[in-house]
J.: 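Right, I'll just put the structure down here and ask away after.
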Amino acid sequence: DNEILRYYSNIVGKFGVPVQGILKKLSSTPLKIIASTHGPIYKTILNIEKMLSLYTRLSNFDAEQGVVISFASMYGNTEVMAEVIARELCENGVKNIRIYDVSKTHASYIIRDVFKYSGLILGSPTYNMSVHPAMASLVEKLEAAGLKNRFYGAFGTYTWAGKAANKLYDFGLKLHLNNVYPEVEERAALKAEKFEECLALARAMAEKINVSI
């Protein structure tokens with residue numbers, strides 16, 4: 001299922017409306033086999049119904065309860081914020097939490113889980129007055145995929161001037177995601193005030209996630 005989801009989210013992605021149109025046409029047709037040009041052949045009613053249900057959910061951008069936290073970090077400060085947020089999500093009842101360092105995990109796996117779960121939180125240090133290049137690449141791919149219907153949050157760090165967290169927050173607005181809390185941005189290492197804001201971001205996300213079950 002994970003590989004099917006990875007294929008759909010990275011290749012089909014934003015073409016949900018055409019997929020829904022095809023599924024509607026097929027709704028009155030008894031299917032005995034699914035033999036796509038990519039992937040396995042499905043011959044049993046159970047597997048066929050499972051695939052149709054999966055594609056219906058994905059094409060509508062519906063999701064399971066859970067949160068993906070994806071971050072870039074140059075000196076470890078942004079990573080610390082990601083860990084604080086993840087821990088607080090867990091403390092507030094979110095069971096499915098996936099944390100990815102964009103510099104270490106291929107974007108296709110991150111996008112797969114972004115399509116799977118209902119919450120997304122992105123974090124980045126400021127790099128050349130923008131977001132880290134690896135995060136910028138992920139953001140570009142998510143935009144190309146037409147991501148929607150997600151609860152969203154943003155955080156980041158900086159040394160001279162802060163820009164990354166604000167740009168990530170604006171990304172959520174651009175895609176009309178449900179931004180659950182203002183962006184959290186810290187100068188250098190995480191300190192008490194921003195620590196509390198990280199907790200508040202996590203709680204706001206957990207509340208949305210838990211209510212949406």
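No hydrogens, no waters, no symmetry mates; every other heavy atom, side chains included, goes into these values.
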J.: Would Tyr7 and Tyr109 show up in the same hydrophobic cluster when neighbours are defined by side-chain heavy atoms closer than 4.5 Å?
T.: no
J.: Does the pair Leu54 and Lys50 meet the rule for a side chain to side chain contact (heavy atoms under 4.5 Å, CB included), with working shown?
T.: CA-CA 6 Å; Leu54 177 62; Lys50 182 179 178 181; 5.7 Å; no
J.: If you take all heavy atoms of Ala188 and Thr157, which pair is closest and at what distance?
T.: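 Smallest heavy-atom distance, with atoms named: O-CG2, 4.0 Å.
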J.: Taking only residues two or more places apart in sequence, or in another chain, which ones meet Tyr8 in a ring pair (Phe, Tyr, Trp, His ring centres under 6.0 Å)?
T.: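 In terms of ring pair (Phe, Tyr, Trp, His ring centres under 6.0 Å), with neighbours along the sequence ignored, Tyr8 is linked to Tyr55.
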J.: Side chains of Ser108 and Arg6: donor-acceptor distance under 3.5 Å anywhere?
T.: yes
J.: Are Glu197 and Leu201 packed together at the side-chain level, in the sense that at least one heavy-atom pair is separated by less than 4.5 angstrom?
T.: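 SC-SC contact between Glu197 and Leu201 ruled out.
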J.: Decide if atom NZ of Lys104 counts as having more than 12 heavy atoms of other residues, nucleotides or ligands within a radius under 6.0 Å.
T.: no
J.: Quickly, which of Val67, Ile85, Ile97 forms a side chain to side chain contact (heavy atoms under 4.5 Å, CB included) with Cys90? Name it, please.
T.: Ile97
J.: Taking all non-hydrogen atoms of both residues, which atom of His132 and which atom of Ser124 are closest, and how far apart?
T.: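 Closest heavy-atom pair between His132 and Ser124: N-OG, 2.9 Å.
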J.: Atom CG of Asn60 and atom CG of Asn149: how far apart are they, to the nearest 0.5 Å?
T.: 8.5 Å
J.: Heavy-atom distance under 4.5 Å between the side chains of Leu122 and Leu138, does that happen here?
T.: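 Yes, their side chains come closer than 4.5 Å.
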J.: With a 4.5 Å limit on heavy-atom distance, are the side chains of Arg203 and Glu88 in contact?
T.: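 Yes, their side chains come closer than 4.5 Å.
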J.: Check whether any side-chain heavy atom of Asn47 sits under 4.5 Å from a side-chain heavy atom of Ile34, and report yes or no.
T.: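 No; the side chains remain at least 4.5 Å from each other.
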J.: If only atom types and distance count, is the side chain of Ser59 paired as donor or acceptor with the main-chain N or O of Thr56 below 3.5 Å?
T.: yes
J.: Following the transitive rule for hydrophobic clusters with a side-chain heavy-atom cut-off under 4.5 Å over Ile, Leu, Val, Met, Phe, Trp and Tyr, establish whether Phe195 and Leu89 coincide in one cluster.
T.: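 Per the 4.5 Å side-chain linkage, Phe195 and Leu89 are co-clustered.
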J.: Indicate, with yes or no, if Leu168 and Val114 share a hydrophobic cluster defined by side-chain heavy-atom contacts under 4.5 Å among Ile, Leu, Val, Met, Phe, Trp and Tyr.
T.: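 Linked within one cluster.
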J.: Measuring from atom CD1 of Ile48 to atom NZ of Lys43, what distance do you get when rounded to the nearest 0.5 angstrom?
T.: 11.0 Å
J.: Applying side chain to side chain donor-acceptor pair (under 3.5 Å) to Lys141 and Ser137, what does each step give before you reach the verdict?
T.: CA-CA 6 Å; Lys141 289 178 173 65; Ser137 177; 2.8 Å; yes
J.: Are the side chains of Leu199 and Glu91 in contact, using a 4.5 Å heavy-atom criterion?
T.: no
J.: Measure across Ser9 and Ala145 and return the closest heavy-atom pair with its distance rounded to 0.1 Å.
T.: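 Closest pair (atom of Ser9, atom of Ala145, distance): O-CB, 4.3 Å.
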J.: Which pair of heavy atoms, one from Ala165 and one from Val184, lies closest together, and at what distance?
T.: CB-O, 4.0 Å
J.: Is the closest side-chain donor-acceptor distance between Asp113 and Tyr100 under 3.5 Å?
T.: yes
J.: Within this structure, what is the CZ-CG distance for the pair Phe171 and Asn179, rounded to the nearest 0.5 Å?
T.: 10.0 Å
J.: Dump the intermediate steps for side chain to side chain contact (heavy atoms under 4.5 Å, CB included) on Asn210 and Gln65, then the final yes or no.
T.: CA-CA 7 Å; Asn210 292 331; Gln65 181 205 38; 2.9 Å; yes
J.: Do we get Arg150 above Phe61's six-membered ring, with its NZ or CZ under 6.0 Å from the centre and within 45° of the axis?
T.: no
J.: Under 4.0 Å between a Lys/Arg side-chain N and an Asp/Glu carboxylate O for Glu185 and Lys194?
T.: no
J.: Write down the atom of Ala164, the atom of Ser130, and the distance for their closest heavy-atom approach.
T.: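 Looks like CB-O, 3.8 Å.
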J.: Would you kindly say whether Asn92 and Glu207 are connected by a side-chain donor-acceptor distance under 3.5 Å?
T.: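 Glu207 and Asn92 do not have a side-chain donor-acceptor pair below 3.5 Å.
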J.: Are Ile11 and Ile22 connected in the hydrophobic side-chain network, where two residues link if heavy atoms are under 4.5 Å apart?
T.: yes
J.: Going by heavy atoms in the side chains, are Tyr152 and Ile121 under 4.5 Å from each other?
T.: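 Heavy-atom side-chain distance check fails, nothing below 4.5 Å.
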J.: Quick check on side chain to side chain contact (heavy atoms under 4.5 Å, CB included): which of Arg187, Lys163, Lys167 does Thr126 satisfy it with?
T.: Lys163
J.: Test side chain to side chain contact (heavy atoms under 4.5 Å, CB included) on Leu142 and Leu120; report intermediate values, then the result.
T.: CA-CA 11 Å; Leu142 289 172; Leu120 172 63; 4.1 Å; yes
J.: Rounded to the nearest 0.5 Å, what separates atom CG in Leu190 from atom CZ in Phe155?
T.: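 Here the interatomic distance stands at 10.5 Å.
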J.: Grab the two heavy atoms, one from Gly66 and one from Val94, that are nearest each other, plus how far apart they are.
T.: CA-CG1, 4.3 Å
J.: Judged by atom type as modelled, is there a donor-acceptor pair below 3.5 Å linking the side chain of Glu186 to the main-chain atoms of Lys191?
T.: yes
J.: Under 4.5 Å between side-chain heavy atoms, hopping through other hydrophobics if needed: is there a path connecting Met74 to Met135?
T.: no
J.: Other than Leu46, what residues sit in its cluster of Ile, Leu, Val, Met, Phe, Trp and Tyr side chains whose heavy atoms are under 4.5 Å apart, directly or through others?
T.: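 Leu46 clusters with nothing; isolated.
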J.: Can you confirm whether Met81 sits close enough to Phe71 that some side-chain heavy atom of one is under 4.5 Å from a side-chain heavy atom of the other?
T.: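 No - every pair of side-chain heavy atoms lies 4.5 Å or more apart.
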J.: Compare all side-chain heavy atoms of Ile4 with those of Met51 and state whether any distance is below 4.5 angstrom.
T.: yes
J.: Taking atom CD1 of Ile209 and atom CG of Asn96, what is their separation to the nearest 0.5 Å?
T.: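 So the CD1 of Ile209 and the CG of Asn96 are separated by 10.0 Å.
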J.: Just wondering, are more than 12 heavy atoms of other shown residues or ligands nearer than 6.0 Å to CD in Glu64?
T.: yes
J.: With rounding to the nearest 0.5 Å, note down the distance linking OH in Tyr42 to OG in Ser36.
T.: 7.5 Å
J.: Would Leu31 and Leu52 count as a side chain to side chain contact (heavy atoms under 4.5 Å, CB included) here? Give the steps.
T.: CA-CA 10 Å; Leu31 300 179; Leu52 293 176; 4.0 Å; yes
